[in-house]
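Just below is one structure, and these are the notes that go with it.
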Amino acid sequence: MTLAQAPSTTRTGYTVCTICDIGCQLRATAVDGRVTRIQAHDSPAVARNICYKGTAAPKIHNHADRLRVPLKRAGERGEDRWEEISYEQAMDEIAERLGEVVANHGPEALAVSTSGWNTQTTHGLDRRFMNLLGSPNWISGVSLCAGNTAAVNRLTYGWMPFPDIGNANCVVLLGHNPRKHSWTPIFNMIEGARKRGAETIVVDPRVSEQAERATLHLQIRAGTDAALLLGWLKVILDEELYDADFVRDWCVGFGELRARVDEYPLERVAEITGVDAELIARAARMYAKADGAVIPWTPITDQQLDSTSGIRLQSILRAITGNLDVVGGELLSGLHPGWRTEAELQLHDEISPRQRAKQLGYQTHPVYTYRTAEMLQPYLEKVWGQPWVDQVMGCQMANPSEVFRAMADGDPYPVKAFITLGNNTLLSYPNQHQIHRALRNQDLVVAHEIFMTPTAMLADSWAWSNRLTLSEAVADAPEQASSTFRFWTDLARRMGFAEHFAWDSLEEVLDYRLEPSGRSFAEFRASTVMDLPPPKFRKYRKTGFATPSGKVELASSILADLGFDPLPYHRPAPAPTAAFPYRVFSGVREDPFFQTGQRNVGVLRRRSPAPRFFVHPDDAERDGLFDGDWARLETEHGQVRARISIQDGMRRGHVRVPHGWWYPETRGELDLAGAFVSSDAVLTVDTDDLLDHEQGIPHFKGYPGRLVACEPPAGMSKTTLEG
Ligand SMILES: Nc1nc2c(c(=O)[nH]1)N[C@H]1C(S)=C(S)[C@@H](COP(=O)(O)OP(=O)(O)OC[C@H]3O[C@@H](n4cnc5c(=O)[nH]c(N)nc54)[C@H](O)[C@@H]3O)O[C@H]1N2
Ligand SMILES: Nc1nc2c(c(=O)[nH]1)N[C@H]1C(S)=C(S)[C@@H](COP(=O)(O)OP(=O)(O)OC[C@H]3O[C@@H](n4cnc5c(=O)[nH]c(N)nc54)[C@H](O)[C@@H]3O)O[C@H]1N2
Ligand code: SF4
Ligand SMILES: [Mo]
C-alpha cells in the first residue's frame with residue numbers, strides 16, 4: 001500500500017463563499033471530499049470578510065436534506081412524492097418534453113428564472129441556450145435587486161457605476177443596511193470610511209444598525225424616497241451646490257429638470273416624506289458639499305412604485321454634484337479587457353429581432369427589456385466596445401409579472417415550460433397566488449436546486465448542483481449531481497445546439513473566457529493576485545457617455561422615445577385607510593439566512609426561530625399586541641402570520657414583514673411546507689395599476705395593511721432541525 005492510498009485525505013483551498021451573494025473569499029478544508037471547516041482568508045485585505053453563515057457552510061453543504069440525485073415527480077404536481085432517476089434519464093425526458101412544448105407553442109413558451117445573484121456561475125450559458133432556441137423569456141431576482149438599477153442607470157449615463165466607498169467623504173444609504181453578518185464586506189468598507197471620518201446619511205423609517213451609526217438619520221415614511229431626493233435636488237439647485245462646469249459641458253436637460261424640481265418645494269417634500277424640512281436641507285448640503293460622495297446601490301428604490309424615478313434621481317444627483325468617475329465618487333469602470341463577458345457568451349444576436357420583440361414586458365414596461373437594450377446598442381458599442389453589455393445580468397430581461405400571467409392564463413400567449421435554477425420562484429416575486437397558479441399550469445417544470453424548496457415541490461424534476469465558482473473546488477460533487485454548466489450543456493446538446501456547446505468541462509469555458517488575457521484558467525488560479533486593471537478617471541472626456549446624446553441625460557431621451565415622462569417624479573402608493581392603517585414594508589434581511597434559504601439549518605435557525613413583524617410600542621398598545629405573540633397581517637390581497645416584535649426604533653404607523661419564510665420542518669404536514677403561512681409575496685400584488693410604469697416593478701415598500709392578534713399557525717411540528 002502506498003501513501004497515496006492512505007485512508008483519509010485532507011485538502012485546504014481558497015474558495016468563494018456562495019451562501020449569500022456577496023462572495024467573500026474564504027479558506028475551506030475538506031476531508032475525503034467533504035467540507036469540514038470554513039475559516040477566514042489569511043490575506044489581511046479580506047480576512048475580516050466572514051460571517052456566521054459562511055462558517056456554517058459545512059452544515060449546509062453536508063445537510064441530510066441536501067438533494068443528491070435527480071428526482072422525478074411521482075404524484076400530482078405539488079404532492080411532493082418522488083422517484084429517483086438517473087441523470088441521463090432526467091435530461092432525456094426534460095429535452096423530450098421541452099421539444100413538445102416548443103413544437104406546440106413556439107420557443108417563447110419556455111421561461112427560465114434564475115437566482116438574484118448566486119447562480120452567476122452559469123456564465124451566461126442559460127441565455128446562450130435560450131437565444132439559440134429563440135426564447136426571450138428569461139427572468140431573475142435581479143429584476144428586484146440591482147439588475148434593474150443597472151438598466152435604469154444606463155438611461156442617464158449609459159453605465160451602472162460602482163461607489164468608491166474606500167475614498168468617499170460622504171456615504172448615503174437609502175435604507176440599505178449592511179451589517180456584520182449581512183453583506184459583511186460592504187459593512188466593513190462603510191466602517192472603514194467612518195473611521196477615516198466620512199459622514200454617513202441614512203434614510204430609513206426605522207432606526208436600523210446603520211442609522212444608529214449615522215451622522216444624519218432621516219426617518220422617512222416608507223415608499224417616499226423619490227420625493228425626498230426631489231427635495232434634495234431642490235436645495236442643491238436653489239443653493240447652487242452643483243458642479244456648474246460639469247452640468248454645462250456634460251449634461252442635457254438641466255432646464256427641464258429645474259422646472260420639474262421646482263414642483264417640489266421643501267414644505268411639500270416634508271409633508272410627503274414625514275421628514276423635517278430643515279433636516280432634508282442639511283442632508284442635501286452635506287451630500288453636495290462633500291469632496292467625494294457616494295450613493296451606493298440600494299434595493300429599496302428597486303422595489304417601489306416609482307422605482308424608475310427613484311433610481312434616476314440617484315443617478316442625477318451623482319452627475320450634477322460632480323461625483324461621476326472621480327476618486328471617492330462613482331466609478332464607471334467599463335469591461336475587463338482580459339475576460340469575455342457573460343453577454344458575449346449569451347449570443348444575443350442569435351435570437352431574431354422578431355422573437356426578441358415577443359419578450360414579455362417589451363411593449364408594456366420596457367426599461368429593462370430587450371427593447372431598451374436595442375435602443376442603447378450603438379452607444380454601448382461606441383463607448384464600451386460591446387453592444388449587448390448585460391450589467392448585473394439585468395439589462396435585457398422579461399418582466400416576471402407578465403411571465404407569470406402568461407404561464408397562468410396564456411395571456412398574451414401561452415408559456416408552458418418553466419425551468420428554475422437556484423431560485424425559490426414561488427416566494428421570490430410579487431403575487432404568490434398567481435405564481436402558484438402559473439407553476440401548476442405548466443406542461444414541464446424543472447427545478448435545479450440543492451434543497452427541496454416549495455418551488456421544487458411543484459416541479460416535475462430537478463437536478464442537484466455543486467457550487468462552482470472561480471475558486472478552487474475542494475469538495476467532491478455527488479456522482480448524479482449536475483452543475484448549472486452541465487445542465488445547460490447537456491440540455492443544449494439534446495436540443496440540437498451541440499456545436500455551440502462544445503466544451504467538455506467548465507474549465508474549458510473559463511479558458512475561453514480568459515482567452516483575451518492570454519492566460520488559461522490554470523495559470524490564472526496559480527497567480528494569487530487579484531486582477532484589477534488600474535482605474536482611469538473621467539474617461540467620458542475621450543468617449544462621451546453611452547447615451548443617444550453622448551452626455552448625461554438629466555431628461556432621458558430614451559424614456560421620452562418610449563412614451564414615458566423623461567423627468568423623475570414621485571408617484572404616491574395607495575395610502576393607509578381606517579381599515580388598513582399601517583404602511584407595510586417587506587425586507588430587513590435576517591442575519592442567519594440568505595433570502596428564502598437555510599430555514600432548515602439548525603445552527604442558523606436557532607438564531608431566528610420564527611418570522612417577526614416589527615411594530616412601534618404605541619401601535620402595539622393601540623392594537624392590543626404583545627411582544628412574542630402571533631399576529632396576522634392582512635392586506636386587501638392576502639394575509640400572513642408571524643410573531644410580534646415591538647421595537648422602539650420603528651417609525652409609528654409602519655410594520656415590517658420579513659421576506660422568504662417557509663417551514664422546511666413541516667414538509668409532509670403543511671401544504672408546500674408552509675409556503676403560504678408567512679411569505680411576504682402573498683401580500684404583494686402586481687396588477688398594472690400597482691406596478692412602476694417604466695419597468696413594471698411591484699411596490700414592496702409601504703402598502704396598506706392591518707395587524708390582528710391570532711393563534712399560532714396550526715400544523716407546525718416541533719421537529720429538531722439538523723445541522
Ligand atoms: N416577495 C419578495 N421577492 C423578492 C424579494 C423580497 O424581498 N420579497 N427580494 C428580492 C431580492 S433583493 C433578491 S436578491 C432576490 C433573490 O432571489 P434568489 O437569489 O433567487 O433567492 P431565493 O429565491 O432564496 O433562491 C435561492 C435558491 O438557490 C438555492 N441554491 C443555493 N445554492 C445553489 C447552487 O449552488 N445551485 C443551485 N442550483 N441552487 C442553489 C437555494 O437553496 C435557494 O432555494 O429575490 C427578490 N425577490
Ligand atoms: N444575512 C443576510 N444578508 C443579506 C441578505 C440576506 O438575505 N441575509 N440579502 C442580501 C441581499 S440580496 C440584499 S438585496 C441586501 C438587502 O439588504 P438591505 O439593503 O439592508 O435591505 P433590507 O434589509 O431589505 O432593508 C434595509 C432597510 O430598509 C428600510 N426600509 C424599508 N422601507 C423603506 C423605504 O421605503 N425607504 C427607505 N429609505 N428605507 C426603507 C428598512 O427599515 C431596513 O432597515 O442584503 C443582502 N445581505
Ligand atoms: S457575508 Fe457571510 S454568507 Fe455572505 S459571502 Fe460572506 S461569509 Fe458568505
Ligand atoms: Mo437582493
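When a ligand or atom number is given, it counts from 1 through the structure's own listing order. On a predicted model such as this, the values are computed, not experimentally measured, just so you know. For the numbers below, each heavy atom of this structure counts, side chains included, while hydrogens, waters and symmetry mates do not.
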message: Would you say S678 and Y663 are linked by a side-chain donor-acceptor pair, where the criterion is simply a distance under 3.5 Å?
response: yes
message: Under a 3.5 Å cutoff, is there a donor and acceptor pairing between the side chains of H659 and D680?
response: yes
- request: Mind checking whether T453 contacts ligand 1 via backbone (N, CA, C, O), side chain (CB onward), both or neither, at a 4.0 Å heavy-atom cut-off?
  value: side chain
query: Just checking, is any N or O donor in the side chain of H433 or R437 under 3.5 Å from an acceptor N or O on the other one?
result: no
- prompt: atom 2 (Fe) of ligand 3: which protein heavy atom is closest, and how many Å away?
  reply: C51 SG, 2.4 Å
message: Can you confirm whether the side chains of Q210 and S208 place a donor and an acceptor under 3.5 Å from each other?
response: no
- prompt: Less than 3.5 Å between some nitrogen or oxygen of T684 and one of ligand 1, yes or no?
  reply: no
- prompt: At a 4.0 Å threshold, what atoms of ligand 1 neighbour a non-hydrogen atom of S428?
  reply: 3 (N), 4 (C), 22 (P), 23 (O), 46 (C), 47 (N)
- prompt: Which is closest to atom 9 (N) of ligand 1 by heavy-atom distance: Q595, H61, K701?
  reply: Q595
message: To check your reading of the model: name the closest protein heavy atom to atom 5 (S) of ligand 3, its residue, and the distance in Å.
response: C24 N, 3.3 Å
message: Within the 4.0 Å heavy-atom shell around K53, which atoms of ligand 3 are there?
response: 3 (S)
task: Answer yes or no: does an N/O atom from T114 fall short of 3.5 Å to an N/O atom of ligand 1?
output: no
message: Checking the N or O distance criterion of under 3.5 Å, is ligand 1 in contact with E449?
response: yes
- request: Give the numbers and elements of all ligand 1 atoms closer than 4.0 Å to a heavy atom of L144.
  value: 4 (C), 46 (C), 47 (N)
query: Under 4.0 Å between a Lys/Arg side-chain N and an Asp/Glu carboxylate O for E84 and K72?
result: no
- prompt: Just heavy atoms, cut-off under 4.0 Å: does Q303 contact ligand 1 by side chain, backbone, both, or neither?
  reply: side chain
message: Residue-level breakdown please: for H659 versus ligand 1, do any non-hydrogen atoms fall below 4.0 Å on the side chain, on the backbone, on both, or on neither?
response: side chain
contact_flag R589 ligand 1 heavy-atom lt 4.0 Å: yes
- prompt: Does the separation of the ring centres of F676 and W662 fall below 6.0 angstrom?
  reply: no
field: Evaluation steps, salt bridge (Lys or Arg N to Asp or Glu O under 4.0 Å), between K180 and E191
entry: CA-CA 10 Å; K180 199 167 182 321; E191 287 296 285; over 6 Å; no
task: List every atom of ligand 3 that sits less than 4.0 Å from any heavy atom of I19, numbering the atoms from 1 in the order shown and giving each element.
output: 3 (S)
query: Any idea which atoms of ligand 3 are less than 4.0 Å away from a heavy-atom of C17?
result: 3 (S), 5 (S), 7 (S), 8 (Fe)
task: Can you measure from CD1 (I697) to OG1 (T301) and round to the nearest 0.5 angstrom?
output: 10.0 Å
- request: Using a strict cut-off of 4.0 Å, indicate which atoms of ligand 1 neighbour a heavy atom of H448.
  value: 37 (C), 38 (N), 39 (N)
message: Heavy atoms only: which of T184, L26, I50, T18 lies closest to atom 1 (S) of ligand 3?
response: T184
field: 4.0 Å heavy-atom contact, I19 with ligand 1
entry: no
task: Please find out if atom 6 (Fe) of ligand 3 and some N, O or S atom of C20 are separated by less than 2.8 Å.
output: no
Short N-O contact, D80 and R667, less than 4.0 angstrom: yes
- prompt: Can the positive tip of R643 be found less than 6.0 Å from the middle of the six-membered ring of F613, inside 45° of the ring normal?
  reply: no
Output field: ring centroids Y429/F404 closer than 6.0 Å: yes
- request: Could you tell me how the ring of W297 sits relative to the ring of W183: parallel (under 30°), tilted (30 to 60°) or perpendicular (over 60°)?
  value: tilted
task: For the pair R599 and E590, find out whether any cationic side-chain nitrogen is under 4.0 Å from an anionic carboxylate oxygen.
output: no
task: For residues H181 and F187, establish whether the separation of their ring centroids is below 6.0 Å.
output: no
field: Polar atom proximity, S115 to ligand 1 (N or O, under 3.5 Å)
entry: yes
- request: Please work out whether any backbone atom (N, CA, C, O) or any side-chain heavy atom from C-beta onward of P299 is under 4.0 Å from ligand 1, and answer side chain, backbone, both or neither.
  value: neither
message: For Y14 and H41, I'd like to know if the aromatic rings sit close, meaning centre-to-centre distance below 6.0 Å.
response: yes
- prompt: Is the charged tip of R656 near the ring of F614: under 6.0 Å from the six-membered ring centre and within 45° of its axis?
  reply: yes
field: G422 N/O to ligand 1 N/O under 3.5 Å
entry: yes
query: For ligand 1, which part of Y429 has a heavy atom less than 4.0 Å away: the side chain, the backbone, both, or neither?
result: backbone
- request: Could you tell me whether D680 approaches ligand 1 through its side chain, its backbone, both or neither, with non-hydrogen atoms closer than 4.0 Å?
  value: side chain
- line: In terms of its nearest heavy atom to atom 2 (C) of ligand 1, the top option of F487, F700, F594 is F700
query: By number and element, which atoms of ligand 1 are closer than 4.0 Å to a non-hydrogen atom of L427?
result: 1 (N), 2 (C), 3 (N)
task: Output the list of atoms in ligand 3 that are nearer than 4.0 Å to some heavy atom of I22, sorted by atom number.
output: 1 (S), 4 (Fe), 5 (S), 6 (Fe)
message: Below 4.0 Å, non-hydrogen atoms only: which portion of Q598 touches ligand 1? Side chain, backbone, both or neither.
response: neither
field: Side-chain heavy-atom pair L510, H123 within 4.5 angstrom cut-off
entry: yes
Ligand 1 N/O within reach of T596 N/O, cut-off under 3.5 Å: yes
message: For ligand 1, which is the ligand I care about here, please tell me if T18 has any N or O atom under 3.5 Å from one of the ligand's N or O atoms.
response: no
